Amino acid sequence: MKILHLDKNHPLLIEQLTKAGYKNEEDYTSSKSDIEQIISGYDGIVIRSRFKCDSTFIDAGTNLKFIARVGAGLESIDIPYAESKGITLISAPEGNCNAVGEHTLGMLLSLFNKLNKADLEVKKGKWNRETNRGIELDGKTVGIIGYGNMGKAFSKKLQGFDCKVICYDIKENVGDKNATQVSLITFQKEVDVVSLHIPWTPLTNSMVNSNFINQFSKAFWLLNTARGKSVVTSDMILALKKGQLLGAGLDVLEFEKSSFESLFSNKIPASLSDLLSMDNVILSPHVAGWTIESKEKLAQVIAEKIVRKFKEIKT
């Protein structure tokens with residue numbers, strides 16, 4: 001069986017697949033249209049987010065048995081169409097959930113203690129103690145929206161901080177010892193912090209907008225290490241200016257390209273300029289799950305899942 005790798009990953013991925021009996025070929029530069037000319041010769045492909053696997057691409061892969069994405073989400077793939085063709089879809093949310101949990105916690109603690117603001121001021125020779133007085137996580141209620149691998153990893157990191165952790169998810173009975181599942185109404189009434197750990201879907205697209213924010217009983221902090229398009233940036237900025245949002249930690253932005261490798265092609269959007277000027281906003285370039293350890297873990301998980309599928313196909 002032949003696999004085509006379209007994005008570079010940790011070398012152990014190809015090493016383990018080769019050991020398992022796969023023939024691996026790599027093409028990290030050809031265009032989508034060029035790949036469509038050759039993809040019929042492969043049983044599987046491994047991708048990250050270089051381009052979308054749409055119906056045209058899938059139709060060209062007449063012999064594809066699986067598409068594996070080295071990451072958590074599958075939004076770069078036309079999932080219903082691929083499944084209608086009998087193609088197995090493989091992702092690896094288990095591989096970088098710990099990294100996301102740690103990054104989210106780091107953003108929260110930095111926001112609460114004004115670390116980024118204080119750091120910049122001290123480096124400029126300013127010694128402002130009172131204006132950099134922080135707040136404590138102890139006694140706060142942290143709410144997690146989307147309680148899958150990522151949400152669970154974050155809730156685990158919160159243990160020991162003596163804060164209350166609740167979660168909201170469209171699936172029932174996903175709560176555990178680290179987070180109590182509640183209704184959306186209860187969630188919006190109680191939380192001090194909202195952390196998004198949801199995949200991008202039509203249901204979550206632009207989910208955090210003015211109407212959503214207005215439903216909360218008190219001002220809260222927003223963390224987003226999931227997908228940028230789930231938050232309407234202009235509405236978030238308005239809420240920050242009105243004090244409905246106390247601050248935001250954003251690893252993802254609405255303006256990102258689908259490959260996540262760059263932010264935008266033309267000039268900086270006006271709403272992004274506003275974010276850049278806010279002391280109570282922390283930004284990072286979609287790296288919450290992007291650690292040295294997670295690169296290896298993601299490759300390991302994908303390799304193991306493909307090998308299991310290979311055994312199923314052989315038998």
Side-chain angles (χ1 to χ4, degrees), residues 72 93-94 96-117 132-199 203-204 207-227 230-231 235-236 239-240 242-252 279-282 284 288-289:
E94 310 93 329
N96 62 351
C97 61
N98 183 72
V100 171
E102 290 190 5
H103 191 99
T104 308
L105 179 59
M107 280 190 147
L108 178 57
L109 295 176
S110 294
L111 284 168
F112 271 25
N113 293 283
K114 303 182 180 180
L115 294 183
N116 284 34
K117 174 178 175 293
N132 286 304
R133 189 184 290 271
I135 63 173
E136 297 177 18
L137 184 50
D138 189 304
K140 303 296 188 297
T141 298
V142 178
I144 298 171
I145 299 182
Y147 204 60
N149 288 281
M150 307 300 172
K152 286 181 167 64
F154 180 45
S155 69
K156 184 178 179 180
K157 304 302 177 188
L158 292 168
Q159 304 310 302
F161 281 94
D162 292 323
C163 59
K164 179 180 180 181
V165 184
I166 60 177
C167 65
Y168 171 74
D169 197 291
I170 58 173
K171 296 181 180 178
E172 297 181 354
N173 303 315
V174 297
D176 57 20
K177 64 180 182 179
N178 296 326
T180 302
Q181 186 169 8
V182 299
S183 68
L184 183 58
I185 293 175
T186 299
F187 186 96
Q188 292 174 320
K189 181 180 179 181
E190 294 187 3
V191 296
D192 298 294
V193 177
V194 173
S195 188
L196 303 180
H197 297 278
I198 47 180
L203 185 63
T204 63
M207 183 186 78
V208 180
N209 54 26
S210 290
N211 182 60
F212 181 83
I213 294 170
N214 290 338
Q215 303 306 310
F216 286 78
S217 299
K218 54 185 175 180
F220 63 94
W221 303 80
L222 177 66
L223 304 170
N224 188 9
T225 54
R227 289 293 184 262
S230 293
V231 177
D235 289 358
M236 176 179 60
L240 284 163
K242 290 168 63 177
Q244 291 175 291
L245 289 180
L246 299 172
L250 309 171
D251 180 56
V252 291
D279 289 336
N280 58 343
V281 174
I282 295 178
S284 57

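Since the model is a prediction, treat every value here as computed from it, not as a measurement.
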Is atom [atom1] of [X] surrounded by more than 12 heavy atoms (other residues, nucleotides or ligands) closer than 6.0 Å?
| X | atom1 | value |
| --- | --- | --- |
| Q215 | CD | yes |
| L184 | CG | yes |
| K218 | NZ | yes |
| I170 | CD1 | no |
| K117 | NZ | yes |

For residues [X] and [Y], determine if any side-chain heavy atom of one lies less than 4.5 Å from a side-chain heavy atom of the other.
| X | Y | result |
| --- | --- | --- |
| L158 | L137 | yes |
| M207 | L196 | yes |
| H103 | M107 | yes |
| M150 | N96 | yes |

Mind checking the [atom1]-[atom2] spacing from [X] to [Y]? Nearest 0.5 Å is all I need.
| X | Y | atom1 | atom2 | result |
| --- | --- | --- | --- | --- |
| L245 | F220 | CG | CZ | 4.5 Å |
| N116 | N280 | CG | CG | 11.5 Å |
| F161 | D138 | CZ | CG | 10.0 Å |
| C163 | K140 | SG | NZ | 9.5 Å |
| D235 | Q244 | CG | CD | 10.0 Å |
| C167 | D176 | SG | CG | 7.0 Å |

Are any side-chain N or O atoms of [X] and backbone N or O atoms of [Y], one a donor and one an acceptor, separated by less than 3.5 Å?
| X | Y | answer |
| --- | --- | --- |
| T204 | P199 | yes |
| Q181 | K171 | yes |
| D192 | T141 | yes |
| D251 | T225 | no |
| S183 | T186 | yes |
| D169 | Y147 | yes |

Under 3.5 Å, is there a donor on one side chain and an acceptor on the other for K157 and N98?
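There is such a pair between these side chains.
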Can you see which heavy atom on [X] is nearest to which on [Y], and at what distance?
| X | Y | answer |
| --- | --- | --- |
| V191 | G143 | CG1-CA, 3.6 Å |
| I145 | F187 | CG1-CZ, 3.4 Å |
| F216 | V194 | CE2-CG2, 3.7 Å |
| S155 | N178 | OG-CB, 3.5 Å |
| L240 | A248 | CD2-N, 4.4 Å |
| G249 | L111 | N-CD1, 3.5 Å |

Check the orientation of F154 and H197. Use parallel for under 30°, tilted for 30 to 60°, and perpendicular for over 60°.
tilted
